[in-house]
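See structure below.
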Amino acid sequence: MPEGPGKGYDVQTVEAKWQAYWDEKGTYEVDEDDPRPAFYDLCMYPYPSGPIHMGHVRNYTLGDVICRHRTMNGYKVLSPMGWDSFGLPAENAAIKEGVHPGVITRQRIAVMKEQIRRLGAVYDWRRELSCCEPDYYRWTQFLFLKLHEAGLAYKAMAPVNWCPSCQTTLANEQAEGGRCERCDTPVEKRDLEQWFFKITDYADQLLDDVDSLEWPERVKTMQRNWIGRSEGVEFAIGVKGRAETIRVFTTRIDTVFGMTYVVLAPEHPLVADLVKGTAREKEVTAFVERVRKTSEIDRMSAEGPLEKRGIDTGAKAINPFNGAEVPIYLADYVLATYGTGAIMAVPGEDERDYEFAMVNELAIIKTTERPEGWTEPIYTGPGTKINSDFFNGMTVDDAKRAGTEWLVERGIGEATVNFRLRDWLISRQRYWGCPIPIVYCPSCGTVPVPEADLPVVLPEDVEFQPSGESPLKSHEAFLNADCPRCGKGAVRETDTMDTFVDSSWYFLRFCDATNENAPFSADKVAHWMPVGQYIGGIEHAILHLMYARFFMKAVADVGLGPKGIREPFANLFTQGMILEGGSKMSKSKGNLVSPAQYFASHGADALRLFHLFMGPPTEDVDWSDRGVDGASRYLARLWRVAITPEELGTVVDRDESDADRLITRGRHALVKKVTDDFDRWTYNTAIAAAMEFTNDLYRYVQSDEGARRATLSDAIDHLLLVLAPMAPHITAELWDRRRGGHIHEESWPAFDAALAQAELVTMIVQVNGKVRDRIEVAAEISEDEMRELAMASAKVQESLDGGDPRKVIVVPPKLVNVVV
RNA sequence: GCCCGGGUGGUGGAACGGUCUACACGGGGGCCUUAAACGCCCUGCCCGAAAGGGUGUGAGGGUUCGAAUCCCUCCCCGGGCACCA
């Protein structure tokens, strides 16, 4: 492995020097009273897991390039960094190693911070925050109280994943495959009282506002699908011989005359009552038990829809439209948590119902005309209604309207909208998270902790149970509290908040990070927000980004945030993953490649440059370290050329030559190219252009009589300027040595578009679309001249063989195509 | 199953409908050196000693003077969603 770029360039010393300079001088510290226009550049803050990995390098390099580039373009760029420092991994490590999670976490933050600095990424460190510290989480608690006050935080019974061995609930992500992440015990469903945020109140807004975002289309699509708005009707279906009705939701009321049976979710509240005392009771109860044991994860994921399991209750439903009696089934393909937990089933017009009907040998009624040649038994497209009484002859859409009207007139149904989005369950039965500021009083009930009493501090003197049960549950001093309302003895909530709550507002805190009286001031937030560029992994496309959007809106509505800003992230960039051998790098796979070794062997600039050069940052890339050498070699070359232009060839002080004109043209073209590429996020081609220009310099200066020193100097200055955001250390050092001063305080260079155009171009001569000749011509050549030149070409004459061309296509100044 | 992305040299990747493979990595060769490292230059698939020619962007069609690029059919890879009525 080569030791750095070589001759006269001491990578380690130079990089350390400039990193210290940026820190000490506070180059990237910004404030409200700075008159430059504001720009907020943010990378998703990391979970402090210890040493950084290549994904971090990619992320923070991109963020840093944006920050430095924007700054050179005259903006004051807010670029902060912090730590998503609550969470399960540190707590698990604590249980295993007997060290407090806070200790482990703070050590890891120190390591990570040092490595991020070593990368040369610059931040306004005065704004650093860590969400596990009381000066941050007291405001998370404050926001919880505000949401609670506004009715947006509530407690309710909910089915959760429960690990019987660890005695705790688990997040869905921690119970993948239906087994506990820690002990591999199968997870059960339990109903527990849990805290929720009422994100569903914002379902419509969250959906509508997606349109206004400059985000990757696929992320927007994922958000829309996750919200899953669907319009339909809810109506009551009578049960034969009983007073109760079953409410069902459907988006296809036009198919109601095809209703073949009704299905209830096994958890439906009416089930027990329906079968009580009937011959079916025993069998149905057994079925319900069986389904309950299957976790929701198994029911909803696996490889595609599971085989439809169901059972006849023996009860009959009555179709209100025609009085038809149909059987009532229970089936696990109907979810208790969506719509009303009950459906009307129409096998002729719904794939799932069809599948179920086949298994249970039920009749199929078609209610929509099939298109010519349609052979499938199910049809879900548009058409004309048939077998449908007063719908007959209507289109599907008209029948939907008529059906809804019919129900509304009789008072048994109405149009409704359903969402896939559920309220956000934020309770975690874990220690290492933000305590929920609530106490339970025997006489006053659930009482919020007064704002003046915040923070509710996580006690440090805790003993971690090998079982994983939260030590808060057995911590007397924490548990016992006085009721804020009546002063009598009360008990504290021991659940902590999902760490996604912490990350739902950290970008707001960055705007006003040291405020001791409020989570942030609305004015400061208004000054910086929305984030002008947010950069992070695609894996957060739904959860974090949805929650943060919800918070931004909620915070405005409870009177804390600026009213006009309802979306936190105006622009989002999702970077691709760094793979190793085709799969994601991870500790467990043992295929981590540490960035730290490259700091020592090649330096931060080379590593940054290589990451940017690998390919477009949206794409996943397989890691290969061969190219770091190449980046390093290029930087060494740049160093030699900039320090000693004679390296390039003959440097003279005399009149302008062709070489001078070519070099000047080249540098205008370079600046144009890099400027365009920065807008397109195609740093790979920007770097290629810089390399190409450097190669061209050698060519021009070595040919004929050499180039002027002044021309070269100007070219090298521009080369350094365009590379400055990407390779900040070497360009800063060279700039300082060549001209004095700080390159990152220079303006982004301008270019003259006319000068960037080449004088001479290669004209391609084709015969029948195949290249037959190349001729150097002036860029301003006329069509006629081109045609003449092309026809005069020996190659063309040969092909014509004395005849006349059928057609000649001329595209000035690049191409002539002769068709024979 | 549905919805997105992608398939271009040995590799990463370039390419407003107009020279396919820029820029790199790796390989081969040469120069420099006492030698090596560094550096510099050439090369890049097939035929040919060369000049030159040919094939050629996952497959097959189409549009066009001209297609990696636009249209249709299909195959393969990656990702997301997955019983939401």
Side-chain angles (χ1 to χ4, degrees), chain A residues 2-3 5-7 216-222 224-226 228-230 232 248-252 255 263 265 299-308 331-335 337-346 349-353 355-356 418-422 538-539 541-542 576-577 579 582 609-610 613-616 618-631 633-634 636-637 640 647 682 684-695 698 702 762-774 805-811 814-820:
Chain A
E3 39 158 289
K7 274 200 282 183
E217 241 358 274
R218 67 173 171 147
V219 177
K220 297 211 280 191
T221 305
M222 282 162 80
R224 289 189 189 106
N225 291 344
W226 187 261
R229 183 189 153 99
S230 67
V248 299
F249 172 74
T250 182
T251 55
R252 291 294 305 273
T255 66
V263 191
R299 265 172 81 188
M300 303 209 356
S301 69
E303 277 103 54
L306 297 170
E307 191 190 325
K308 302 216 164 4
D332 62 356
Y333 80 95
V334 173
L335 308 172
T337 47
Y338 185 79
T340 60
I343 62 159
M344 65 171 211
V346 185
E349 261 83 8
D350 185 284
E351 230 170 287
R352 298 153 302 182
D353 296 345
E355 222 181 290
F356 186 81
N418 259 308
F419 293 92
R420 222 188 83 116
L421 185 71
R422 310 293 157 77
I538 184 83
E539 66 273 18
I542 294 174
M577 285 190 302
L579 308 174
L609 205 63
F610 176 56
F613 188 58
M614 273 192 297
T618 41
E619 305 297 313
D620 289 351
V621 284
D622 215 331
W623 177 257
S624 135
D625 65 355
R626 308 311 302 253
V628 189
D629 286 344
R633 274 201 286 271
Y634 174 68
R637 202 177 198 207
R640 291 194 308 271
E647 159 88 17
T682 49
N684 55 331
T685 50
I687 294 167
M691 289 173 167
E692 214 173 340
F693 182 59
T694 312
N695 293 342
Y698 277 87
Q702 276 164 9
T762 305
M763 178 181 108
I764 301 302
V765 183
Q766 295 181 330
V767 175
N768 293 340
K770 292 200 187 265
V771 180
R772 284 295 118 105
D773 208 355
R774 295 182 170 84
R806 265 179 40 206
K807 199 170 179 183
V808 180
I809 315 278
V810 183
V811 186
K814 286 198 311 208
L815 179 129
V816 178
N817 188 15
V818 182
V819 186
V820 300

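What you see is a predicted model; the values in this text were computed from it and never measured. The sequence lines fix the lettering, A, B, ..., with proteins before strands; numbering per chain opens at 1.
- Taking only side-chain nitrogens and oxygens, A/R633 never comes nearer than 4.0 Å to OP1 or OP2 of B/A24.
- Among the protein residues, A/D353 comes within range of no part of the nucleic acid, since none of its heavy atoms lies under 4.0 Å from any strand.
- If you check B/U33 for Watson-Crick or wobble pairing at under 3.5 angstrom, you find it has no partner at all.
- We find that CE of A/M222 is positioned 16 Å from P of B/C3, with the value rounded to whole Å.
- Using a 4.0 Å heavy-atom distance criterion, A/R772 is classed as a sugar-phosphate-only contact.
- To the nearest whole angstrom, the two P atoms, one in B/C71 and one in B/G17, are 12 Å apart.
- In B/G9 the O4'-C1'-N dihedral to the base is within 90° of 0, which defines a syn nucleotide.
- Atom P of nucleotide B/A85 and atom CG of A/N418 are separated by 8 Å, given to the nearest angstrom.
- For A/M691, taking side-chain heavy atoms from C-beta onward, the closest of the listed nucleotides B/G54, B/A85, B/C23 is B/C23.
- B/U63 and B/G9 have their P atoms separated by 27 Å, given to the nearest Å.
- Using atom P as the reference point in both B/G27 and B/A37, the two lie 12 Å apart (nearest Å).
- We find that CD of A/E355 is positioned 13 Å from P of B/G1, with the value rounded to whole Å.
- A distance of 4.5 Å separates CE of A/M691 from CZ of A/F613, quoted to the nearest 0.5 Å.
- Between A/M577 atom CE and B/G79 atom P there is a gap of 7 Å when expressed in whole angstrom units.
- A heavy-atom distance below 4.5 Å is not found between the side chains of A/I809 and A/Q766.
- Remark: P of B/C23 and CZ of A/F610 are 18 Å apart, rounded to the nearest angstrom.
- Contact check for A/R252 versus A/V346: no side-chain heavy atoms found under the 4.5 Å cut-off.
- Side-chain contact between A/I538 and A/R218 is present, with heavy atoms from C-beta onward closer than 4.5 Å.
- Pair check for B/A49 finds none; no Watson-Crick or G-U wobble contact set falls under 3.5 Å.
- An OP1 or OP2 oxygen of B/U55 is reached within less than 4.0 angstrom by a side-chain nitrogen or oxygen of A/K770.
- Among the protein residues, A/R420 comes within range of the nucleic acid bases, having at least one heavy atom under 4.0 Å from a base atom.
- Here the nucleotide nearest the side chain of A/R218, chosen from B/U55, B/G79, B/A85, is B/G79.
- At B/A85, one or more side-chain N or O atoms of A/Y338 fall inside 4.0 Å of OP1 or OP2 (strictly under the cut-off).
- Remark: B/C70 base-pairs with B/G62. Criterion, Watson-Crick or G-U wobble with two distances under 3.5 Å.
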Expected string for nucleotides 6-20 of chain B under the B/S/- scheme (protein heavy atoms, under 4.0 Å, primed atoms plus P, OP1, OP2 as sugar-phosphate) is ------BSSSB-BBS

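- No side-chain donor from either of A/R637 and A/T694 sits under 3.5 Å from a side-chain acceptor of the other.
- Distances from the side chain of A/N695 to the nucleotides B/A85, B/C65, B/C23 place B/C23 closest.
- When the side-chain hydrogen bond (donor to acceptor under 3.5 Å, both in side chains) test is applied to A/D350, the partners found at least two apart in sequence or on another chain are A/R352.
- Residue A/N768 contributes atom CG, which lies 12 Å from atom P of B/G54 at whole-angstrom precision.
- Going from atom OH of A/Y634 over to atom P of B/C23 covers 13 Å, rounded to whole Å.
- Each of A/W226 and A/A689 was assigned the nucleotide of RNA chain B with the nearest heavy atom; the assignment lying further toward the 5' end belongs to A/A689.
- Atom CD1 of residue A/I343 and atom OH of residue A/Y333 lie 4.0 Å apart, to the nearest 0.5 angstrom.
- Using a 4.5 Å heavy-atom threshold, the side chains of A/V819 and A/V808 count as separate.
- As rounded to whole Å, 15 Å separates atom P of B/C81 from atom CG of A/L421.
- When the C1' atom is used for both B/C16 and B/C25, the distance is 29 Å, rounded to whole Å.
- Here A/T221 does not reach the OP1 or OP2 of B/G80: none of its side-chain N or O atoms lies under 4.0 Å away.
- Separation of the C1' atoms belonging to B/C4 and B/A85 is 25 Å when rounded to the nearest angstrom.
- Sequence order on RNA chain B of the closest nucleotides to A/V819 and A/I542 puts A/V819 first from the 5' end.
- Separation of the P atoms belonging to B/U8 and B/U64 is 29 Å when rounded to the nearest angstrom.
- Side-chain N or O atoms of A/N418 include none that pairs as donor or acceptor with a backbone N or O of A/S230 at under 3.5 Å.
- With sequence neighbours excluded, no residue forms a side-chain hydrogen bond (donor to acceptor under 3.5 Å, both in side chains) with A/R774.
- Residue-level contact check: A/G630 touches the backbone only, with heavy atoms under 4.0 Å from sugar-phosphate atoms and none from bases.
- Straight-line distance between the P atoms of B/C42 and B/A24: roughly 11 Å, to the nearest whole Å.
- The C1' atoms of B/C70 and B/U57 are separated by 16 Å, rounded to the nearest whole Å.
- Distance from the side chain of A/E692 is smallest for B/A22 among the nucleotides B/C65, B/A85, B/A22.
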